[in-house]
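Worth saying up front: this structure is predicted, and the values here are computed from it rather than measured. Counting starts at 1 for both ligands and their atoms, following the listed order. The analysis underlying the following values was restricted to heavy atoms, covering all of them including side chains, and did not include hydrogens, waters or symmetry mates.
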Amino acid sequence: MRIYECADYRAMSRRAASLIAAQVVLNPEGVLGLATGSTPIGLYSQLVEWYKQGDLSFAGIRSVNLDEYLGLAPTHEQSYRYFMQQNLFDHIDIKPENTHVLNGLAADPDAECAAYDQLIRELGGVDLQLLGMGHNGHIAFNEPGDNFGLGTHVVSLSERTIDANQRFFESRDQVPRQALSMGIKSIMGARRILVVVSGEDKADAVCRAVTGPVTDQVPASVLQLHPDVTLVGDTAALSKLKEAGVPVCG
Ligand code: GLP
């Protein structure tokens with residue numbers, strides 16, 4: 001795993017965006033796996049800026065998103081489809097039909113998940129998968145205890161994740177309790193993985209994911225077994241990792 005330390009959120013966002021831009025330039029018809037959450041917002045905004053400057057085109061890029069809340073329409077302001085439109089898709093030249101987000105209103109969620117795995121196979125797999133990390137080490141919506149062997153599936157959110165995500169909703173009651181999520185197996189199938197982390201509140205999860213045992217209690221720890229992972233974090237998020245003596249690049 002390559003680990004890059006950046007001074008702050010802005011620098012972290014630029015570094016991560018540059019890695020995605022490099023991927024887009026090298027493989028303009030590649031498949032990007034995209035993520036939501038607060039952490040990637042800055043890198044998406046940087047990609048939009050480079051697109052607007054004429055430095056980057058997404059015209060041939062296909063994308064798949066990691067997850068979606070079960071029960072939220074794509075037009076719901078807290079749905080991940082809406083997030084992607086607002087933060088990236090509406091501002092770049094990616095073709096709408098090439099953007100894929102799980103349908104939170106699917107009548108048969110299990111069938112929706114199976115079709116999504118099939119879609120990823122038909123696209124030829126994910127070239128670069130972007131990931132954030134939850135406070136409990138979750139990736140996408142794979143919570144502690146979830147089976148590492150699963151593809152896309154329906155998940156129940158942990159209380160900690162519901163707590164963390166309630167800031168986006170008017171009340172805790174409104175946070176969906178379930179989601180559709182690419183599984184650890186799907187994520188580990190990506191050719192390259194880029195993890196972005198920011199803030200002291202992630203330092204513990206990052207340290208456990210990188211230095212601790214590979215365990216389903218810390219889903220991100222499975223990334224230790226992937227051959228091509230780059231983690232980009234700000235100094236605060238990497239603080240415990242550095243205390244533990246893990247070497248990082250500047
Ligand atoms: C949600 C998403 C994850 C994301 C995590 C952390 O649970 N499903 O994909 O990584 O939140 O989000 P943030 O970047 O806002 O801390």
Exercise. Taking atom types as modelled, is there a side-chain donor on T161 or H138 under 3.5 Å from an acceptor on the other?
Worked result: yes

Exercise. Which pairs, with at least one residue in residues 153-179 and sequence neighbours excluded, count as a ring-ring contact (aromatic ring centres under 6.0 Å, His included)?
Worked result: Y69-F169

Problem set entry | Passing candidate, side-chain contact (heavy atoms from CB on, under 4.5 Å) with D228, options R2, R191, M1 | R2

Counting only pairs under 3.5 Å, give me each side-chain donor-acceptor contact of residues 236-248, with atom names and distances, residues two or more places apart or in other chains.
{"from": "S239", "atom 1": "OG", "to": "A236", "atom 2": "O", "distance (Å)": "2.8"}
{"from": "K242", "atom 1": "NZ", "to": "E5", "atom 2": "OE1", "distance (Å)": "3.0"}
{"from": "K242", "atom 1": "NZ", "to": "E5", "atom 2": "OE2", "distance (Å)": "2.9"}

For this session: Please say whether more than 12 non-hydrogen atoms of neighbouring residues, nucleotides or ligands are located less than 6.0 Å from CD in E29.
Result: no

For ligand 1, which of its N or O atoms have a protein N or O partner closer than 3.5 Å, and how long is each gap?
{"from": "ligand 1", "atom 1": "7 (O)", "to": "H138", "atom 2": "NE2", "distance (Å)": "2.8"}
{"from": "ligand 1", "atom 1": "8 (N)", "to": "D67", "atom 2": "OD2", "distance (Å)": "2.9"}
{"from": "ligand 1", "atom 1": "8 (N)", "to": "A140", "atom 2": "O", "distance (Å)": "3.3"}
{"from": "ligand 1", "atom 1": "10 (O)", "to": "M133", "atom 2": "N", "distance (Å)": "3.4"}
{"from": "ligand 1", "atom 1": "14 (O)", "to": "S38", "atom 2": "N", "distance (Å)": "3.3"}
{"from": "ligand 1", "atom 1": "14 (O)", "to": "T39", "atom 2": "N", "distance (Å)": "3.0"}
{"from": "ligand 1", "atom 1": "14 (O)", "to": "T39", "atom 2": "OG1", "distance (Å)": "2.4"}
{"from": "ligand 1", "atom 1": "15 (O)", "to": "S38", "atom 2": "N", "distance (Å)": "2.7"}
{"from": "ligand 1", "atom 1": "15 (O)", "to": "S38", "atom 2": "OG", "distance (Å)": "3.2"}
{"from": "ligand 1", "atom 1": "15 (O)", "to": "R167", "atom 2": "NH2", "distance (Å)": "3.1"}
{"from": "ligand 1", "atom 1": "16 (O)", "to": "K202", "atom 2": "NZ", "distance (Å)": "2.6"}

Pairs of donor and acceptor atoms involving the side chains of residues 42-51, under 3.5 Å and at least two apart or interchain, shall be tabulated with distances.
{"from": "Y44", "atom 1": "OH", "to": "A35", "atom 2": "N", "distance (Å)": "3.1"}
{"from": "Y44", "atom 1": "OH", "to": "A35", "atom 2": "O", "distance (Å)": "2.7"}
{"from": "Q46", "atom 1": "OE1", "to": "R14", "atom 2": "NH1", "distance (Å)": "3.1"}

